[in-house]
**Q** 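Dropping a structure here in C-alpha cells format, bear with me for questions.
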Amino acid sequence: AARSRRAPARRLALPRLAARRRARGPLIVESLCDRRPGFMAPRALSPNPAEAIRPLAGGHKSPRPSAIGQVDRLRDKIEVVGAGNGGMEEMAGWMSDKEVMWAILRFEFGAGAFQRSKVLFLHFNGESVPMVKRGQANALTNDAMLFVKGGQGKDNFHACIECKQVQEITAEQIMVRVAQYFVVDSLEGGGDTASMVRQYHEQLHREHVEAEARAQEEIQRQKEERQKRLVEKQIARQSRRKSRQSNRKSIMSQIRASEGAHRFRLLFQDGKSGLKDLATGGIWNWILFGPDAKALPLISGGSGSVEEMQAEAMGHEDEIMFGVVRLSFGQGRLKRTKFAFVHIIGSKVPVMKRGKLNAQRTPMESELRRFLNCQITFYDMSVEDLDVDEVIGRVRRCCVVDDEVLDGMDCGENPFSKAAFEAALKEEQEQAEAKVAAMMEELASERAGDDDEGSEAFEEDASEEDAEEEPNDPDMPPNCHLDVFDILHKVRNERACNWALFRPKGMGLAPQRGGSQRKGC
C-alpha cells in the first residue's frame, strides 16, 4: 500500500529530474573539457576556415566586459611571453627546463573543404624547477587555461598534453601523442602521424610566406605614413614661419611708419615676453598688466619710461593696473639701474570693484618677482601721482646708502638726479633703435634663406623619424609587447601566429632566453 501511494509521486518527479539533467549537461561537459586532457565537447571545435575568418571582415571583435574582468584578474598571476609563426621549433627556443610554462599551438590539417584547425594546450612542467616553486606554478594551470581562452571560456582545446623537457617539444613527438585526439578529414587519408607531420611543415612554410608578404606590406605602409608625416611637418613649419614673418613684417612696418619711443609698444604681444625683455635690459623699460596673477594680461609696454607709462594709464582710468618700470641713472661706470613695482588705481574704478581687485596686489607682486627683483614699490597710486619728479624723489629716498657712497667720489652732480635719468633714458632709446634695425636685417635674411632652412628642417625630421623607429630586438620573443586578447586573435582568427607562450608572473623562475636547451643537444 505504501509503495502504491509513492509510485505516482515518483512518476511525476522523473520527468522533472531528466529535464534538470538535460539543462545541466552542457555545463558538465564544458567543465570536463577543462580538466580532462584530450576530452572534446560535442559541439564543433574545428570550424570551417572560411567561417573562422569571417569575423575578420568586421575587424577585431572586442571581448565582453566580463572576459576583460577575468583576464585583468589573472594579469597579476600570468604574463605573455610571446607568439610567432615559426612553429614549435621557434617556441622551444624561448623555453627552459627551469620554468613552468603554458602554450597553445594551432595546427592546420586537410585541404579545401576538409581543412580543419586544431588547437593544442601544452602544459610545460620543467623538471629542473624546484619542488615548491613548481607546485606554486602548477596551481595556476586552471587559471592559465582560462587566461588563454581570453577569459570567456568558450574557445576550447582539442587536446591537452604535458611535457617536462624542452627536447620533447618536436613535431614528431607531439604528433604521436595527439594523433589519437585529432580527427583529420581528408580524401587523401592523412590520419597517420607521418602525414600529420608533413602537413604541419607545409603549414609552417605557407604561413611563413604569408608572414613575409604581410611584413613587406607593413614596411611599405609605414614608409608611406612616414613620408606623409614628414610632408605634413614641413607644411606646418612653413605655415608657422610665414605667419611669424608676416606678423613681424607687419609690426616692423608699423614701427617704421611711426615716430617716437611709443612705436616700440607693438614689439611684444604677450606679457611674459615683454617682462623678460624688460628684465634683461631689452627695448622695453616699462610694462603694465591687468589684475590677474596667473594670466598676466598685457595692457601695454614701451621704451618711453615713466611719462609714456603715465600717458598709457590715463586711457585706463576704469581699471586697476600693476606694472614694472626700469629706472636707469647716469652713463658708463656710474650707471645705476633700479626696478620699481607700480600699483595704479584708476579714478573711475567703482568702490566694490576696487576693493576686490586690490586684493590681487600681493599675488601680482609675487609673480612679477619671479622675473626680476623690484627694489622700489609704489602702492595705491593714482595716475596723476605717477610723475617723473615724484618717482625720482622716491628713488632717492630709497637709495640713500648708495648716495652716501657715491658722494665720496669725484663724480659731480648727484647720480640719482633728473638729468642723470634723462641721459640714461636717451642712451637706452638709442640702443633700442639699433636693436630694431638689427631685427629688420634679421627678418630680411630669414626671408632670403627660407628654402635652405626648409630643406635642412626636412632632413632633420627624417633623421628624427629614423631615430624614433624601434628596431626588433633579437633577444626578445616576437610579439612580447602585445596584450593577451591580441595574441589570441592572431592565433585563432587572423592565423598570423601558430603558437603563443605564457608563464607565471613574479615567481622568481628562470627568465626566458634567446636559445633553448634543446639547441645545445
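Below, all heavy atoms of this structure are taken into account, side chains as well, without hydrogens, waters or symmetry copies.
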**Q** Is a donor on one side and an acceptor on the other found under 3.5 Å between the side chain of Arg134 and the backbone of Val100?
**A**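 Between the backbone of Val100 and the side chain of Arg134 there is no qualifying donor-acceptor contact (under 3.5 Å).
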**Q** List for me each residue that meets side chain to side chain contact (heavy atoms under 4.5 Å, CB included) alongside Asp292, sequence neighbours excluded, and say none if there are none.
**A**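 Testing Asp292 for side chain to side chain contact (heavy atoms under 4.5 Å, CB included), a comparison that skips the adjacent residues, returns Lys294, Ala295, Pro297.
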**Q** Who are the side chain to side chain contact (heavy atoms under 4.5 Å, CB included) partners of Glu225, not counting sequence neighbours?
**A**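 So Glu225 forms a side chain to side chain contact (heavy atoms under 4.5 Å, CB included) with Arg221, Arg229.
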**Q** Got a donor-acceptor contact below 3.5 angstrom from the Gln203 side chain to the Glu108 backbone?
**A**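 Such a contact is found between Gln203 side chain and Glu108 backbone.
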**Q** Kindly give the heavy-atom pair with the smallest separation between Lys164 and Asp97, and that separation in Å.
**A**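 What the structure gives for the nearest pair is O-OD1, 4.0 Å.
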**Q** Looking only at non-hydrogen atoms, find the nearest pair between Phe371 and Leu296 and report the distance.
**A**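 Taking every non-hydrogen atom into account, CE1-CD1, 4.4 Å.
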**Q** Picking from Ile487, Val491, Leu120, what satisfies side chain to side chain contact (heavy atoms under 4.5 Å, CB included) with Ile104?
**A**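 One option only clears the test, and that one is Val491.
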**Q** Strictly below 4.0 Å, N to O, side chains only: are Glu218 and Arg214 in salt-bridge contact?
**A**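 Arg214 and Glu218: not salt-bridged.
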**Q** Quick check: closest heavy atoms across Gly274 and Ile287, and the distance to 0.1 Å?
**A**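 Gly274 and Ile287 have their closest heavy atoms at C-CD1, 3.9 Å.
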**Q** What pairs with Glu367 under side-chain hydrogen bond (donor to acceptor under 3.5 Å, both in side chains), at least two apart in sequence or on another chain?
**A**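 Glu367 satisfies side-chain hydrogen bond (donor to acceptor under 3.5 Å, both in side chains) with Arg370 once adjacent residues are dropped.
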**Q** If you look at every heavy atom in Arg326 and Asp277, which pair is closest and at what distance?
**A**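 Where Arg326 meets Asp277 most closely, the heavy atoms are NH1-O, 4.2 Å.
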**Q** Given Asn498, which of Glu207, His208, Arg106, Glu90 fulfils the side-chain hydrogen bond (donor to acceptor under 3.5 Å, both in side chains) condition?
**A**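 The passing option is Glu207.
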**Q** Report the residues that fulfil ring pair (Phe, Tyr, Trp, His ring centres under 6.0 Å) with Phe322, sequence neighbours left out, ordered by chain and then residue number.
**A**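 Phe322 satisfies ring pair (Phe, Tyr, Trp, His ring centres under 6.0 Å) with His343 only.
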**Q** For the pair Glu365 and Arg369, find out whether any cationic side-chain nitrogen is under 4.0 Å from an anionic carboxylate oxygen.
**A**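 Counted as a salt bridge, because a side-chain N and a carboxylate O are separated by less than 4.0 Å.
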**Q** Looking only at non-hydrogen atoms, find the nearest pair between Ala179 and Thr193 and report the distance.
**A**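 Of all heavy-atom pairs spanning Ala179 and Thr193, the closest is CB-OG1, 4.2 Å.
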**Q** State which residues pass ring pair (Phe, Tyr, Trp, His ring centres under 6.0 Å) with Phe502; sequence neighbours excluded, sorted by chain then number.
**A**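 Per chain and number, Phe502 pairs via ring pair (Phe, Tyr, Trp, His ring centres under 6.0 Å) with Phe147.
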**Q** Parallel, tilted or perpendicular: which fits the ring planes of Tyr200 and Phe107, with parallel below 30° and perpendicular above 60°?
**A**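 Because their plane-to-plane angle lies in the 30° to 60° range, the rings of Tyr200 and Phe107 count as tilted.
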**Q** Shortest non-hydrogen contact from Lys505 to Ile78?
**A**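 In terms of heavy atoms, the two residues are closest at CB-N, 4.0 Å.
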**Q** Does Phe339 have any ring pair (Phe, Tyr, Trp, His ring centres under 6.0 Å) partners at least two apart in sequence or in another chain, and if so, which?
**A**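 With neighbours one apart ignored, the set is empty.
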